[in-house]
Amino acid sequence: TNGSDAIKTTTRGHVFHGIGQNIDTRCIELMTGKYVEFSSWMKLVDTSGNPATNIDPDSQWNYNKSPLLSLRILQYRDASKKEHTYNLWYRNKAHLARPYKAGGWNLVHGIFRLPEKSPRVFWMIDSAPGDVNFIIDSASIKPLSCNPDVLVKNGGFDDDMVSKYWDTWGEFVGLDIV
């Protein structure tokens, strides 16, 4: 988006296949329980490299129709011995902002609280149709800034002309910027 390199998935094949990265767990220790803001720009393309036309962030709960961010958190069953690991899943922590622009850069955005100390925290974007590949650029997780004088963020829809910080509730509720 800004002239830097991007990363692309190839042959995803399933809605739960995607792309992600481990979070530096030293930072998790310093920021446990703090709110952070995830942001990433992405293009969505079909297997031939053409703009994906089967993306629908307004589909009921976005399920399998639009990219979502999840966290996979490794925990120990016995923390004193650091043995017997298992995964916790924090799903749907960020979603595709509206409107979806086929062929353009789209924002995946969300706010979530960092989990407790963990030996591994992996964020991932998945949940779009399996025949859609992701091109990701400018991904970040930053501490959430708080301004008590402005409690409604992006109230004028000036942030990138998308529904950043906004979402819908209920079945089949569409959203567009006008």
Side-chain angles (χ1 to χ4, degrees), residues 1 6 9 12 14-21 23 28 31-45 51-73 87-116 121-178:
T1 60
T9 62
R12 276 186 59 238
H14 193 275
V15 295
F16 293 114
H17 295 168
I19 189 169
Q21 188 180 84
I23 299 174
I28 298 284
M31 297 178 60
T32 293
K34 304 278 189 206
Y35 284 94
V36 293
E37 184 171 3
F38 177 86
S39 182
S40 179
W41 289 94
M42 66 187 307
K43 282 187 180 183
L44 303 162
V45 296
T53 57
N54 56 345
I55 300 299
D56 185 3
D58 292 323
S59 176
Q60 184 179 11
W61 314 116
N62 302 327
Y63 193 64
N64 299 339
K65 291 289 188 178
S66 183
L68 297 170
L69 176 105
S70 297
L71 300 174
R72 185 174 72 197
I73 300 154
N87 287 311
L88 291 174
W89 290 92
Y90 292 3
R91 298 200 186 274
N92 307 337
K93 295 300 177 183
H95 61 272
L96 192 71
R98 280 78 141 202
Y100 170 63
K101 297 176 280 266
W105 289 101
N106 294 273
L107 179 66
V108 175
H109 180 264
I111 297 169
F112 56 91
R113 184 178 264 175
L114 286 174
E116 294 180 18
V121 178
F122 185 78
W123 66 264
M124 70 187 96
I125 298 175
D126 63 5
S127 298
D131 61 349
V132 172
N133 283 306
F134 303 154
I135 302 172
I136 307 270
D137 196 9
S138 301
S140 67
I141 298 176
K142 298 179 181 177
L144 180 65
S145 63
C146 175
N147 181 348
D149 296 327
V150 183
L151 295 179
V152 175
K153 291 181 175 264
N154 197 21
F157 300 98
D158 301 324
D159 261 348
D160 303 313
M161 295 300 297
V162 296
S163 63
K164 185 177 181 181
Y165 301 107
W166 292 87
D167 201 1
T168 59
W169 187 255
E171 294 183 39
F172 309 110
V173 178
L175 222 163
D176 204 354
I177 308 299
V178 294

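Heavy-atom basis, side chains included; hydrogens, waters and symmetry copies ignored. If you're wondering where the values come from, they're calculated on a predicted model, not measured in any experiment. Start at 1 with the first residue, then count along the sequence.
Nearest heavy-atom pair, Lys153 versus Ser145, reported as atom, atom and distance to 0.1 Å: NZ-O, 3.2 Å. The two atoms that bring Gly103 and Lys43 nearest to each other are O-CE, 3.8 Å, heavy atoms only. Ala139 approaches Ser40 most closely through the heavy-atom pair CB-OG, 3.8 Å. Closest heavy-atom contact between Ser66 and Pro129: N-CD, 4.5 Å.
Interatomic distance, CE of Met31 versus CD1 of Ile23, reported as 9.5 Å (0.5 Å rounding). In this structure, the separation between OH on Tyr90 and CD1 on Ile73 is 4.5 Å, given to the nearest 0.5 Å. Separation of atoms CH2 (Trp41) and CG (Asn106) is listed at 7.5 Å; rounding is to 0.5 Å. Taking CG from Asn54 and CG from Asp131, the interatomic distance works out to 5.0 Å, rounded to the nearest 0.5 Å. Here the straight-line distance linking atom CG of Asp58 with atom OG1 of Thr168 works out to 6.5 Å at 0.5 Å rounding. Between Ser138 atom OG and Trp105 atom CH2 the span is 7.5 Å, to the nearest 0.5 Å.
The main-chain N or O of Val15 is never found under 3.5 Å from a side-chain atom of Asn64 such that the two would form a donor-acceptor pair. Within the 3.5 Å criterion, the main-chain N or O of Asn133 finds no donor-acceptor partner in the side chain of Arg12. Between the Arg72 side chain and the Phe122 main chain, no donor and acceptor come within less than 3.5 Å of each other. Under a 3.5 Å cut-off, the side chain of Asn154 and the backbone N or O of Val162 do form a donor-acceptor pair. Between the side chain of Asn92 and the backbone N or O of Leu68, no donor-acceptor pair lies under 3.5 Å.
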- [ ] Start with the C-alpha distance between Arg98 and Asp167, add both sets of side-chain angles, then the distance that settles salt bridge (charged side-chain N to carboxylate O under 4.0 Å, His left out), and finish with yes or no.
- [x] CA-CA 9 Å; Arg98 280 78 141 202; Asp167 201 1; 3.3 Å; yes
- [ ] Assess whether side-chain contact (heavy atoms from CB on, under 4.5 Å) is satisfied between Asp159 and His109, documenting all intermediate values.
- [x] CA-CA 12 Å; Asp159 261 348; His109 180 264; over 6 Å; no
- [ ] Quick one: do Asp56 and Tyr100 satisfy side-chain contact (heavy atoms from CB on, under 4.5 Å)? Show the steps, please.
- [x] CA-CA 8 Å; Asp56 185 3; Tyr100 170 63; over 6 Å; no
- [ ] Show your working on side-chain contact (heavy atoms from CB on, under 4.5 Å) between Lys101 and Ile55 and close with a plain yes or no.
- [x] CA-CA 10 Å; Lys101 297 176 280 266; Ile55 300 299; over 6 Å; no
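The closest side-chain heavy-atom distance from Leu88 to Pro115 is not below 4.5 Å. Contact check for Leu71 versus Phe38: no side-chain heavy atoms found under the 4.5 Å cut-off. Using a 4.5 Å heavy-atom threshold, the side chains of Leu144 and Val36 count as separate.
The one candidate from Asp126, Ile19, Leu96 that meets the side chain to side chain contact (heavy atoms under 4.5 Å, CB included) condition with Pro67 is Leu96.
Lys164 and Asp158 are not joined by a salt bridge, as no carboxylate oxygen comes within less than 4.0 angstrom of a charged side-chain nitrogen.
The ring pair (Phe, Tyr, Trp, His ring centres under 6.0 Å) analysis of residues 128-161, with sequence neighbours excluded, yields the pairs Phe157-Trp166.
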